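Indexing begins at 1, ligand by ligand and atom by atom, following the structure's order. Predicted model, so just to flag it, every value in this text is computed and none were measured.
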Amino acid sequence: MLGLMMQTPLLISSLIAHADRQHGDTPIVSRRVEDPQGPLHRTTWREVHRRSRQLANALAHLGVNRGDRVATLAWNTHRHLELYYAVSGSGAVCHTINPRLFEEQIAWILEDAGAEVVFFDASFADIAARLVARVPRVRHYIQLSERAELPNDFPAQLHAYEDLVHSHSEHFTWPQLEETAASGLCYTSGTTGNPKGVLYSHRSTVLHAYACALPDSFGVSARDVVMPVVPMYHVNAWGLPYIAALTGASLVLPGPLQDGPALHRLIVDEGVTLSNGVPTVWLGLLQHIAGKSEGLGRLRKLVIGGSACPPSMMDAFAQRGVEVLHAWGMTELSPIGVVNAPKADNATLDPTATAVRRNKQGRPLPGVELAILDEDDSPLPHDGASFGELVVRSPWAVRQYFGRAPGDGFTADGWFRTGDVATIDPAGYMQITDRAKDVIKSGGEWISSIELENILSAHPAVLEAAAIAVPHPKWDERPLMAVVLKPGTTLERNEMHAHFSGKVARWWIPEDLAIIAAIPHTATGKIDKRRLRDQFSEHRWPT
Ligand code: ADP
């Protein structure tokens, strides 16, 4: 027997329509790409909705049909937000591309995605100009600016975004699409081979937003001022542009500036209450405010993930009254899988057990199932000690990569293989040991690079630390720490050994350290371990 409830589809357009109806006057604040240091752009959910409808008419005028891929190379701004809603809302696919990738990769992704329209910020006009010859299939280029700001020498016909918006009517009725229709396309950064496309649906996006907004997830409300620092070109800024519309929160969009001082100014001046980002970005903010009396305004919560958040970072923010919500996820998971929120029994844990739990990545959102598998794909116990490959199942997890054969990257019974190695404890908290390819294999046993990094990051002289596997004649591989020191400090090998002593098994203690000026990061802000491994592949171990 079927239920007798309405079959209203879960659509992205319903989020912006709701934000307009219920929170129309709520501010949307954005840095301008044209003048990042200048006055902020201020609009509202009502205006964003109105301009998205104008843009939807403009897309129809450009010949964009349902299912067509509309690419963006853009920062977090109100215009990018309008694109999110106009493109998906009208039934096309919002295909965000990371402009920090190599140009060949961007061209490759556009081809693979079959995109025919590209919207780009003025700061990426040079990249867009070089794509013209490389990707002949693109029919339309639109710069996200006024006409007066268009470059003179663009090698193809170029539209100005503001012209497009202004020349079209605001009368547009969002189509009643199937909720399973494609809404967005995002490529993994390809740290393991060619990038792969993950094709989100309206349903997966809306369900992900609902789950992320919950109190034990990000906990977002209409009283929040949310600043997505995760780029809108990286897994939809972890869903915040949708979550903010769903909850009626205010948005602060940092545009092209992600340095500590710029973020600090926005946090304080705009009363940001919640933000998100990878640890590297927050390291920049902490460095900026170190030793200063100025606080963090109304900031209460930071969602930190993308790579492991060092406990020392959680402490530093806690001292300033900001709770760090450690989260784990990936492009293939929309991206959020787990968030570290306390459970009722946290009240009964002693300080050591509390710290152990807090440092884990977290527990699954409702809708996410996790398992860990051994080499034969047999499930391992959730005892907090057994570790194996993490697999996942969820309505917002990828079922098949865009344009790839089914089954590639999945278990025989359809779970997605994350490529992460993890433990799960009896309370359900998952902890990432490593990415499978970053794990250090010493004498046949595994050493967690993340744990070594967490420990060394707490050393007072250390600004940032990365643990990598380096070939070793006797043990196969041994851990080497690549370390960036705080200005005016030093760190010797025996001091490092003393720091590790008692915190890990003796054989885990890193063999050596290399002081470097900067740790290389990938296009998504993670430590680029592949580059570090290449750099130190010939490292001479001390005798
Ligand atoms: P890529 O870096 O391949 O583009 P994603 O941005 O989707 O892809 O990154 C997903 C990966 O990032 C995860 O599989 C995991 O290895 C790592 N990751 C994400 N969050 C965390 C976290 N909190 N702790 C440790 N690793 C994390």
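Note on ligand 1: Ser307 sits in its first shell, one or more heavy atoms being nearer than 4.0 Å.
Taking all heavy atoms of Arg435, Glu332, His234, Lys360 into account, the minimum distance to atom 10 (C) of ligand 1 is reached by Arg435.
Below 3.5 Å of separation, one finds an N or O of Gly306 facing an N or O of ligand 1. For ligand 1, one of its N or O atoms has an N or O atom of Thr331 under 3.5 Å away. The shortest N or O to N or O distance between Ala327 and ligand 1 is under 3.5 Å. In terms of polar-atom proximity, defined here as any N/O pair under 3.5 Å, Ala308 does make such a contact with ligand 1. Checking only distances, His326 does come within under 3.5 Å of ligand 1, N or O to N or O. Between Thr188 and ligand 1, not a single N/O pair is under 3.5 Å apart.
A donor-acceptor pair under 3.5 Å is absent between the side-chain atoms of Asp224 and the main chain of Thr273, judged by distance alone.
Every residue two or more places apart in sequence or in another chain that forms a ring-ring contact (aromatic ring centres under 6.0 Å, His included) with Phe387 is listed here: Trp446. With sequence neighbours excluded, no residue forms a ring-ring contact (aromatic ring centres under 6.0 Å, His included) with His382.
The aromatic rings of Tyr84 and His80 lie perpendicular to each other, with more than 60° between the two planes, well past the 30° mark. Aromatic ring pairs are classed by plane angle as parallel below 30°, tilted from 30° to 60° and perpendicular above 60°; the pair Tyr85 and Tyr242 is perpendicular. Taking the six-membered ring where tryptophan is involved, the planes of Tyr187 and Trp108 are perpendicular, since the angle between them exceeds 60° and thus also 30°.
Aromatic rings of Tyr200 and Trp396 (six-membered ring for Trp) have centroids beyond the 6.0 Å cut-off, not under it.
Heavy-atom proximity to Met330, at under 4.0 Å, picks out these atoms of ligand 1: 7 (O), 10 (C), 14 (O).
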